[in-house]
Every structure is written in structure tokens, then in C-alpha cells.
*Asks:* 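Sharing a structure below in C-alpha cells format, with a few things to ask.
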Amino acid sequence: MNILKHHFYARDTLMIAGELLGKKLVRKYRGNILSGLICETEAYLGPNDSASHAFRGKTARNTVMFGRAGRAYIYFVYGMHYLLNIVTEEEENPCAILIRAIVPLDGLKHMQRYRGRTGKELTDGPAKLCQALAVNKSLNGWDLTAGQKLWVEAQPTIPERFIKKGRRIGIDYAEPVDRRAARRFWADEMYIRDMMPKRAKRA
DNA sequence: AGCACGATCTGA
DNA sequence: CAGATCGTGCTA
């Protein structure tokens with residue numbers, strides 16, 4: 001395995017958001033390896049983005065965003081859900097990428113609730129993804145480059161033609177410019193079906 | 001100290 | 001399309 005290091009994350013956020021597609025998100029939990037290929041992300045551009053938690057400066061919640069790239073920024077929303085982000089850019093430039101969906105690969109039978117009902121078995125949704133991988137706020141600030149508990153492994157970059165872009169989800173509170181901006185990235189259905197590695201055997 | 005609301009999901 | 005459900009940030 002080839003774990004993505006700090007230099008991968010300390011770069012342009014929009015660029016990384018696209019490059020993260022197809023990368024392998026791995027969680028080690030209670031001795032089990034749970035993993036999946038990232039297939040949807042959203043970029044949040046800190047002070048320049050009214051949809052970002054960091055838009056109005058540093059607070060207790062978003063402090064991790066102002067820190068070192070490659071750490072997990074995890075927060076609690078709607079009174080019941082956790083969402084996983086990866087911090088990007090240089091320190092004090094509070095940008096992050098929300099991981100919205102993965103195609104499960106390893107440990108499917110240990111993933112809570114998300115074997116999928118459609119047959120596609122895609123963990124499609126940032127909160128469902130956290131439940132599937134047993135990610136919660138205890139991992140907030142966790143160093144994803146250390147190779148323990150939670151990390152991301154290098155995988156072939158998805159060809160440009162299979163990368164789709166569009167507006168982000170659930171940010172109606174943001175200014176029109178930021179609502180409309182194409183800062184969500186996802187792997188084309190065709191790529192997911194044909195190109196992504198076959199999943200581990202079903203339980 | 002009080003209050004409004006959220007980078008969501010589920011089930012009707 | 002409403003309800004769940006509570007931490008967070010803003011106002012006072």
C-alpha cells in the first residue's frame with residue numbers, strides 16, 4: 001500500500017478534490033479493515049467560500065481546518081450525523097474536502113447498514129459513509145498520513161473524461177455565487193461500473 | 001442563558 | 001415532505 005502523504009494534501013483544493021476520486025479510503029476498526037474507493041467529493045474553499053465552515057474565521061469547531069493538511073476534519077450535524085473531511089492547503093488556509101461517497105471494497109460485511117438495497121452497494125452520502133466506516137468525532141484532527149485507524153491509499157488517477165462536476169449539496173444558506181460553483185466532483189457511473197476494481201466477496 | 005439552524009437521512 | 005435530534009455559534 002502507498003499512503004498519500006502530506007505533500008499530496010498541501011496543494012490546491014479543487015485539484016485534490018478531483019484527484020481523490022478513485023483513491024482508496026481505509027479504516028481499521030476493531031481489527032477489521034474497512035475500505036472503499038472514493039467516488040464523490042466536495043471542495044470547501046475556506047475564507048473565499050460562503051458555504052465553508054471557515055468563512056467567518058476560526059471557531060472551536062473548525063480549528064482543525066486551520067491546521068496541517070492531511071488531517072481529518074469531522075463534525076456533527078443535524079443532531080445525529082458525522083461528516084468526514086480532509087484538510088488541504090497550507091496551514092492557516094482553512095480549506096477542506098468533504099468525502100461524500102465510496103464504493104465499498106473490503107470489510108463490507110462489517111459495515112453497519114450499508115450493503116445497499118439497490119445492488120450497487122454504494123455508500124452514497126457523507127453521513128452514511130461515516131456510519132459504514134465507524135467514523136465519528138473521536139477521529140477529528142486525526143493524521144491521515146500516519147497509516148493508522150484511517151488513511152487514504154494511492155490508486156490510479158481517474159481519466160478526466162470520467163470526472164463529473166456540479167454544484168454542492170445542502171448549502172442553500174450560501175451566497176448564490178458559491179451555491180452555483182462547480183465544487184462537487186464524482187466519478188462517472190460508467191467508470192464505477194467498469195473500471196473500479198472488483199469488490200471483496202459478499203458475506 | 002437562550003435560540004435558531006445545520007456540508008443529512010429515513011420513511012410516509 | 002416532515003421529523004429526528006443536539007452541538008455550535010451568535011446575541012445578550
Side-chain angles (χ1 to χ4, degrees), chain A residues 9 12-21 23 25 27 34 36 38-67 69-89 93-104 108 111-142 144 150 152 163-187:
Chain A
Y9 299 110
D12 179 75
T13 306
L14 285 170
M15 183 160 292
I16 302 171
E19 291 181 19
L20 275 176
L21 297 176
K23 299 289 185 288
L25 179 64
R27 169 80 163 120
L34 314 173
I38 297 170
C39 57
E40 187 179 4
T41 61
E42 276 179 4
Y44 286 86
L45 309 182
N48 309 311
D49 181 358
S50 62
S52 169
H53 286 171
F55 185 57
R56 293 177 200 287
K58 190 186 289 189
T59 66
R61 177 176 63 163
N62 68 21
T63 300
V64 175
M65 291 183 80
F66 289 77
R71 299 233 172 98
Y73 169 49
I74 298 165
Y75 61 92
F76 186 66
V77 274
Y78 299 117
M80 61 188 85
H81 299 304
Y82 295 100
L83 272 63
L84 169 66
N85 297 253
I86 302 179
V87 176
T88 57
E89 308 275 351
N93 183 1
C95 301
I97 295 168
L98 173 68
I99 309 299
R100 292 191 60 89
I102 59 174
V103 178
L108 190 58
M111 292 183 188
Q112 297 300 309
R113 291 219 230 157
Y114 301 106
R115 316 222 178 147
R117 289 169 292 187
T118 62
K120 291 188 197 166
E121 311 206 338
L122 196 84
T123 63
D124 52 350
K128 291 199 285 186
L129 160 50
C130 285
Q131 277 208 43
L133 298 186
V135 167
N136 59 50
K137 219 178 165 188
S138 70
L139 287 171
N140 187 36
W142 189 258
L144 299 180
L150 187 65
V152 183
I163 297 182
K164 304 295 181 188
K165 303 169 194 178
R167 44 177 53 182
R168 294 169 293 180
I169 308 289
I171 54 159
D172 289 350
Y173 56 84
E175 292 167 9
V177 204
D178 294 318
R179 274 186 305 195
R180 287 195 298 264
R183 295 177 187 157
R184 181 162 61 99
F185 301 77
W186 67 94

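Reminder, nothing fancy here: chain letters follow the sequence lines and each chain counts from 1.
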*Asks:* Take A/Leu84 and A/Leu133 through the side-chain contact (heavy atoms from CB on, under 4.5 Å) test and state the conclusion after the steps.
*Replies:* CA-CA 10 Å; A/Leu84 169 66; A/Leu133 298 186; 5.7 Å; no
*Asks:* May I ask you to evaluate whether A/Tyr78 reaches the phosphate of B/dC9, defined as a side-chain N or O under 4.0 Å from OP1 or OP2?
*Replies:*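 For B/dC9, OP1/OP2 do not have a side-chain N/O of A/Tyr78 under 4.0 Å.
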*Asks:* Using atom CD1 of A/Ile169 as one end and atom P of B/dC9 as the other, report the distance to the nearest whole Å.
*Replies:*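 After rounding, the reported distance stands at 10 Å.
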*Asks:* Can you check the A/Met80 CE to B/dC5 P distance for me, whole Å?
*Replies:*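 Rounded to whole Å, this separation is 17 Å.
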*Asks:* Just to verify, which of A/Leu21, A/Leu98, A/Ile16, A/Thr13 counts as forming a side-chain contact (heavy atoms from CB on, under 4.5 Å) with A/Thr41?
*Replies:*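 With A/Thr41 as partner, A/Leu21, A/Leu98, A/Ile16, A/Thr13 yield a single side-chain contact (heavy atoms from CB on, under 4.5 Å), made by A/Leu21.
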*Asks:* Does A/Gly57 offer a backbone N or O that forms a donor-acceptor pair with the side chain of A/Asn62 under 3.5 Å?
*Replies:*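 The answer is yes, because a donor-acceptor pair under 3.5 Å joins these two groups.
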*Asks:* Can you name the closest pair of heavy atoms from A/Ala51 and A/Arg168 and give their distance?
*Replies:*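 In terms of heavy atoms, the two residues are closest at CB-NH2, 3.6 Å.
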*Asks:* For B/dC5 versus C/dA2, give the span between their C1' atoms, rounded off to a whole number of Å.
*Replies:*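 Approximately 16 Å lies between the C1' atom of B/dC5 and that of C/dA2.
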*Asks:* Can you measure from CD1 (A/Ile102) to CE (A/Met111) and round to the nearest 0.5 angstrom?
*Replies:*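 Rounded to the nearest 0.5 Å, the CD1-CE separation comes out at 5.0 Å.
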*Asks:* Rounded off to whole Å, could you give me the CD-to-P distance for the A/Glu42 and B/dG6 pair?
*Replies:*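 Going from CD in A/Glu42 over to P in B/dG6 covers 15 Å.
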*Asks:* Name the first nucleotide and the last nucleotide along DNA chain C (5' to 3') that come under 4.0 Å of a heavy atom in chain A.
*Replies:*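 The contact span of chain A on DNA chain C goes from C/dA4 to C/dG9.
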*Asks:* List DNA chain B stems (3 or more consecutive Watson-Crick/G-U pairs, under 3.5 Å)?
*Replies:*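 Listed by first number, the stems are B:1-6 with C:6-11, B:8-11 with C:1-4.
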*Asks:* Kindly indicate whether the side chain of A/Asp12, heavy atoms from C-beta on, has any atom under 4.5 Å from the side chain of A/Thr88.
*Replies:*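 A side-chain contact is absent here, since even the closest heavy-atom pair is not under 4.5 Å.
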*Asks:* Specify the separation, in whole Å, of atom CZ of A/Arg56 and atom C1' of B/dA7.
*Replies:*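 Distance check: A/Arg56 CZ to B/dA7 C1' gives 15 Å.
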*Asks:* Are the ring of A/Tyr44 and the base ring of B/dA7 both nearer than 5.5 Å at their centres and tilted by less than 30°?
*Replies:*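 Yes.
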*Asks:* A/Phe55 CZ to B/dA7 C1': how many Å, rounded?
*Replies:*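 Rounded to whole Å, this separation is 15 Å.
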*Asks:* Just how far is it from atom CZ of A/Phe185 to atom NZ of A/Lys164, taken to the nearest 0.5 Å?
*Replies:*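 So the CZ of A/Phe185 and the NZ of A/Lys164 are separated by 13.5 Å.
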*Asks:* Considering every strand and a 4.0 Å limit on heavy-atom distances, what is the contact class for A/Ala174: base, sugar-phosphate, or nothing?
*Replies:*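 Answer is nothing: A/Ala174 stays at 4.0 Å or more from every strand.
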*Asks:* Nearest whole Å is fine: how far is B/dG6 C1' from A/Tyr73 OH?
*Replies:*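 Interatomic distance, OH of A/Tyr73 to C1' of B/dG6: 11 Å.
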*Asks:* Side-chain N or O of A/Arg61 less than 4.0 angstrom from OP1 or OP2 on B/dG6?
*Replies:*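 Checking B/dG6 against A/Arg61, no side-chain N or O comes under 4.0 Å of OP1 or OP2.
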*Asks:* To the nearest 0.5 Å, what is the distance between CD1 on A/Ile86 and CH2 on A/Trp142?
*Replies:*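 Spacing of CD1 (A/Ile86) from CH2 (A/Trp142) equals 14.5 Å.
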*Asks:* A/His81 has an atom NE2; how far is it from atom P of B/dT10, in whole Å?
*Replies:*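 Interatomic distance, NE2 of A/His81 to P of B/dT10: 7 Å.
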*Asks:* Would you call the rings of A/Tyr82 and A/Phe76 parallel, tilted or perpendicular if under 30° counts as parallel and over 60° as perpendicular?
*Replies:*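 Aromatic pair A/Tyr82/A/Phe76 classed tilted.
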*Asks:* Contact class for A/Leu83 vs. all strands (heavy atom < 4.0 Å): base, sugar-phosphate, or nothing?
*Replies:*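 A/Leu83: backbone/sugar contact only, no base atoms under 4.0 Å.
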*Asks:* Between B/dT8 atom P and A/Ile99 atom CD1, what is the distance in whole Å?
*Replies:*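 A/Ile99 atom CD1 is separated from B/dT8 atom P by 14 Å.
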